[in-house]
Participant: 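Questions regarding the structure given below will be posed in turn.
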Amino acid sequence: MSPYTVIIRRSGNPFELAHVLVSWLIGAGYDAYVVVGCATRDTCMAIKYRSICADIPDESEKKEEIPPPDEEPRYRLVPLPDLTSKYCRDMDKKADDKKQAELNKTEKERLRKIADLEKAPADAINGWRTHAWVLVLPGYMGIDEPFFIEPSEGEGHLLDSEKYQFIDSVYNHENYYANVQSTDIGLDSLNYDLSDLSAWEHLLAGEPHHRRQMVGIDIADKKTAVQTEKHLDMPVSWVEKLEISTDEYGQRYPGSHKVIHYKKVLLDKFSPYSERDGVVKRIRTFEDYALTVPLITYEWYKHRVDKMETVRIDHTKREIRETFGIGRRDHLLKHVYSMDALVGSVEAVRTMEFNYYARLDHLTRLVCTTLTFDEYYSNRSDRLESRLVIYTEGTKETKRQIKDVTETYSRNHEIPSKQDVWKKIFHLQDNTIELLYQYAYNYVTNNTRSYIKPNLAETGGKILFYPDKTSGYIADPNAKQPRDLEVYYALCENMEWEHATTKQIRDRETDVNGYLRQRHKELTEPMLAVALFDTEKNEAAKKGWKEQEAKKAEVTEREKEAEIDPLAPYLARMFGSGHGSGNPLTVKEATLIREQCINDFKSKQLARQMLVQERFEKLNNEYKNKRLWYLANQFILTPEKESNYFTMSAELAFQVHTLEVRLTRHQDLSGPRYKILLEYLDKHPLLKEYNRSKNYYGIK
Amino acid sequence: MTEKRSLNSLVIYPDIEPGVIDNAMIIRCILEYGPTEEAGRLFAEEGVHLDEAQVVRLEFQNILRIDHLWMLKSLRKLTLAHNLIEKIENLDQLTGLNELDLSFNKIEKIENLDKLVNLEILTLFHNRIRKLENMELLEKLLVFSIGDNIIEDYKEMAYLRRFRFLRSVSFKGNPCCDDPMAYQFIKSALTRVTYLDYKIVTEAEREDGRALFRGVLRKLDEADEKSENERLAKEDYEARVKFYALSFVEYLSGPELLEAMFEKDPDGSLLLKMGGELNGFFEQYKEQYVETMAGLVEFALEAYNARQYEIKLFKDLVNDALEESVKKSKEIIIEYENKKRPLVNEMQEFINRFTTKQATIEELEPLIVDLGETFNEVLYHLWKSLMTIEMQLYEQCEESRVQFSVNITEMVTKLLEVSRNAFGAWREQEGVWSMRQFEALSKLLGNKLILGDVPPELFEVMMDRDLMMNLVAQSSDNHMRFIDGREDLLMTRANNWRDELVQGTNDNEVKRNRDRILEINYYIDNQREEWTDMQMGLTEIVDPETVALLGDDF
């Protein structure tokens, strides 16, 4: 089958696939060849379930190593004296090493066993399976090393890949090269210089055009050149031009869907927009080879309105992790929650990460569990870093209640540490407030202050101060104890603060509930976004265009209908209005009307010409007079008058010029216009009789 | 005017005897305007701390003289409105003052405000001032009220142009306000003022005034520009001197110092008037001097950078080590608190059992003693760990400190060596100059013809060989002394700087170490006290003997 047919049918054997791929590669400027040779069974039959899926995202954490400083530091700390026994340490190390070695050994043994079991069953015709794949040689498009491409999967392989065993020959549109080297030593040690005749036998003598060396040949004379440099050219391809339409390209896979079965992994690929929820790739990993116990599912999405990009479902931990692109209304970036979590409830285990930069409240992270609700902030102007809430356990009738609130603030270096609060802890159930202040320079303890809140109901809403209901520790032994007034002010402030904070927590819970409801809706009714300029998929726009086009067509239609009939007024004069589509006129009537029409047209043209001519002359005279006046008075004029004259004369000159143009145009056009009128009248349906007789009599 | 007076007298307490400010009055006023309700109670209980009061309002007190305000050290806002003050005085101590209100008094002259450099708001409404003066040093002035005074010439207001931050001026009620030109002038002259009489000044209004007073304004602008340029140049020069002073080579770049030397030496200047050949030599001398010193200055600047880098290296090391030790200590304290919590809970339970009569004191006593011992052990462990960390930190840094002082000393020594060379070269140049001067002058000695048109003093000198030689020697001596002085200055400053740095580093470290140890012990004491208090809570109800018994352990 020709590559063209392969593309239409969307299937083919390895040779056909290799032909298509090589055609594309050569078209794109690569030095590519179809390789004919032998390959393993798995390669020939496109069996993947023994190979590892390369698409599984790497989740191991990367460790960044800090490079050691360039120069030896001039100052360093004296190392502490080491008081442990070297002998003991050595002995411990030896024992550890031994244990580790044993462990390694058993581990190795285990791995070897697994590898054994996973090995493909023996193949009776191993080394005899013919296969075709693609070789790309260096020298073009920035390629430095030769490598293979497997056409059935589109992946590159190194020359020493175990998939391929022997090479018989390679070829492309220019020549066919048979391999005369032994391939027993491995494909990577072959000589891939195709012009080397000791390694590759050519079917057609000579090198293809781009590799031909014109040494010692007189290129100037074409004839001698061709005769001296002897080579044969491959016949030109008879295959039709390969083409893939946008629509077909959009489908990606036959039926817009492809499944690949790797070792313990299923990989689904979908073309964009083919699925209702916008999934483009899904990887499912399994515990066993029979694919029954799922481990982790990864999904990639595209074009979703809710900006969801990936989903990771961990079936063992029963945890779902969604990531989002920026630009959501709630600026959510990441949402991790348990599969068992109650839909849309904050009282479940979940973590939400936000794009704090775009949020007014600078919320970075939210961590909820059944009994806690932790908010983390970044770069807030009030220096709040986190607010951790602990709830009491709720029963069926009563909702959970706030038990403790802990707010942490970062250090404000503009005020002394003794005034800078580090942590505010509100024990709502115990009616106490604890304040921890920031650590001062060189201090290992910090100031603290705790209050037992006065009962406002007893004092009529006034905050009273009792020295025995507050206690505190001052880290600086030399500092004075704080005044009662200051302590009292701090109490008042924090009681108010507690009130505000609890309100904020409630508001936040409401907010988050809203987000979660929204998420639920987005998940259950997925929507895909279509780019504004996508002519295929943008339904609304398409409809709009169609409507517009229809309207346009309508307008042109109407225009056509409302064509002006220059005879209409004359007809109306003779027969009254509304005669437009009546019977043809008699010859006599027609002559009369025709005469009238033509005469009127002529006289009108003439009158217009006269008018323009007259105006032109008048203005021209005026202009000339002005000019004469100026020439006479040139030297006695004030600058003001002179500039006045210039502006006026420029204006006049312009008007004269305009009239002149109009005049010539009129003269040029009046002839053709008259002709058009005559032609029109000759074809006028109402004057049919007249025209016929005119033609008959040959009247001109 | 009479109406206003009567209004005034209505408001003023007639029963207060006119007098001066005294302590009682200040305290009364502070209390009166202080916080109210519960806060007020606490405020009053504590007593008034005069040196901490930030705002004091002494209004309607019939004060005749300002006095007794020096104890209000941290005062920021002072209101003396509605009194009978006639003279601004005794405010020199209140340098932190930010806002001063002297309206509704009988002040006739603005004076004695020079020390209040931080003043931003000054209100002199309704006084008897005729002239704006003596406010040059109030550079931060932002709001100024001079309404209802007796300024007769509105051109007086041009005085306010010097305040670069002035934004609001109130002026209404002066006699010259009747002149329609007055406002136009003020609006156009005070270009930086945004609000005049609490109304915004529009650009159009300014423009009107500008057209009217073009000549006057131009003159003012020119004067302003000149003073502004001078100010900038001066600032610039001072900044440069300051910068060079960090490298100990201030005034050494350029011929400045050499010129200063000749200025200070009348003999040398006199001889220089001889002119002719001498001028050429002088120019040569100057050039050589500038070159020598440029080398020194360059080296000194480099040395300065090197020293700063050295200091940074050392500081970084010490700070990192300190941070590390603080972190470790904090961890240990947290650990301790975790150990302490169950002990406290247990103790609480004992107390509960006792108060609910589930157990007698005799039963509980051994348990409590045991618990106390455990607590003591934990506390001792805490103390030991914290002290170990601190001791380690101190010892670890010690060697670096010694090394640092050695390095810095070396650097300073190198700088001094270079400077010695430079000054030596200068002395040599001075010697050459002196010799050349002598030779040149000797040639002309007694030559009346050539000396005809020199100043008479010089003529006299040149007629007498001894006199001339003396003069030359004297001048040379003067110069040498001057050079010695400058070199001495450089050396002492560099050495002092080094001593201070090294000593300061040591002192700081010692102080830091002591502070930390003090803090640790203080914390431990505090914890122990807390524990004892808790035991007391139990034993208060019991007879004092048991208390004594239990208390022995602590």
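We name chains A, B, ... by the order of the sequence lines, and we start the count at 1 in each one. All values below come from the heavy atoms of this structure, side chains included, with hydrogens, waters and symmetry mates left out.
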Participant: Using a distance-only test with no angle check, is there a side-chain donor-acceptor pair under 3.5 angstrom linking A/Glu407 and A/Thr501?
Facilitator: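 Side-chain D/A pair, A/Glu407 to A/Thr501: present.
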Participant: Counting only heavy atoms closer than 4.5 Å, note whether A/Asn446 contacts chain B via side chain, backbone, both or neither.
Facilitator: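 No part of it gets close to chain B.
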Participant: Using ring-ring contact (aromatic ring centres under 6.0 Å, His included) as the criterion, list what pairs up with A/Tyr356, not counting sequence neighbours.
Facilitator: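 Checked A/Tyr356 against ring-ring contact (aromatic ring centres under 6.0 Å, His included); matches are A/His362.
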Participant: Go through it in stages, so that I can follow the logic: the residues are A/Arg365 and A/Thr351, the test is side-chain hydrogen bond (donor to acceptor under 3.5 Å, both in side chains), and I'd like the CA-CA distance, side-chain angles, deciding distance and then a yes or no.
Facilitator: CA-CA 7 Å; A/Arg365 202 148 57 89; A/Thr351 305; 5.9 Å; no
Participant: Given that the side chain runs from C-beta out, which part of A/Tyr473 has a heavy atom under 4.5 Å from chain B: side chain, backbone, both or neither?
Facilitator: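 The side chain, not the backbone.
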Participant: Taking every non-hydrogen pair under 4.5 Å, which of B/Lys328, B/Arg512, B/Lys327, B/Glu395 racks up the most with chain A?
Facilitator: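 Among B/Lys328, B/Arg512, B/Lys327, B/Glu395, the one with the most close pairs to chain A is B/Arg512.
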Participant: Checking heavy atoms, do the side chain of B/Ile333, its backbone, both or neither come under 4.5 Å from chain A?
Facilitator: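 Just the side chain, heavy atoms under 4.5 Å.
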Participant: Are B/Glu52 and A/Arg483 within salt-bridge range, i.e. N to O under 4.0 Å?
Facilitator: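 Yes, this pair counts.
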Participant: Regarding A/Thr445 and B/Glu519, is there a side-chain donor-to-acceptor distance under 3.5 Å anywhere?
Facilitator: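 Side-chain D/A pair, A/Thr445 to B/Glu519: present.
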Participant: Is B/Leu518 in contact with chain A via its backbone, its side chain, both, or neither, using a 4.5 Å heavy-atom distance?
Facilitator: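 Both backbone and side chain.
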Participant: Suppose the criterion is salt bridge (charged side-chain N to carboxylate O under 4.0 Å, His left out): which pairs have a residue in residues 337-356 of chain B, not counting sequence neighbours?
Facilitator: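 Counting only pairs at least two positions apart or across chains, the salt bridge (charged side-chain N to carboxylate O under 4.0 Å, His left out) contacts touching residues 337-356 of chain B are B/Lys340-B/Glu530.
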Participant: Who wins among B/Glu399, B/Glu310, B/Gln392 for the most heavy-atom pairs under 4.5 Å with chain A?
Facilitator: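 If we count pairs closer than 4.5 Å to chain A, B/Glu310 comes out on top.
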Participant: Less than 4.5 Å to any heavy atom of chain A: does that hold for the side chain of B/Glu331, its backbone, both, or neither?
Facilitator: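 The answer is neither part of B/Glu331.
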Participant: Against chain A, label B/Asn407 side chain, backbone, both or neither, depending on which of its atoms sit under 4.5 Å from a heavy atom there.
Facilitator: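 Just the side chain, heavy atoms under 4.5 Å.
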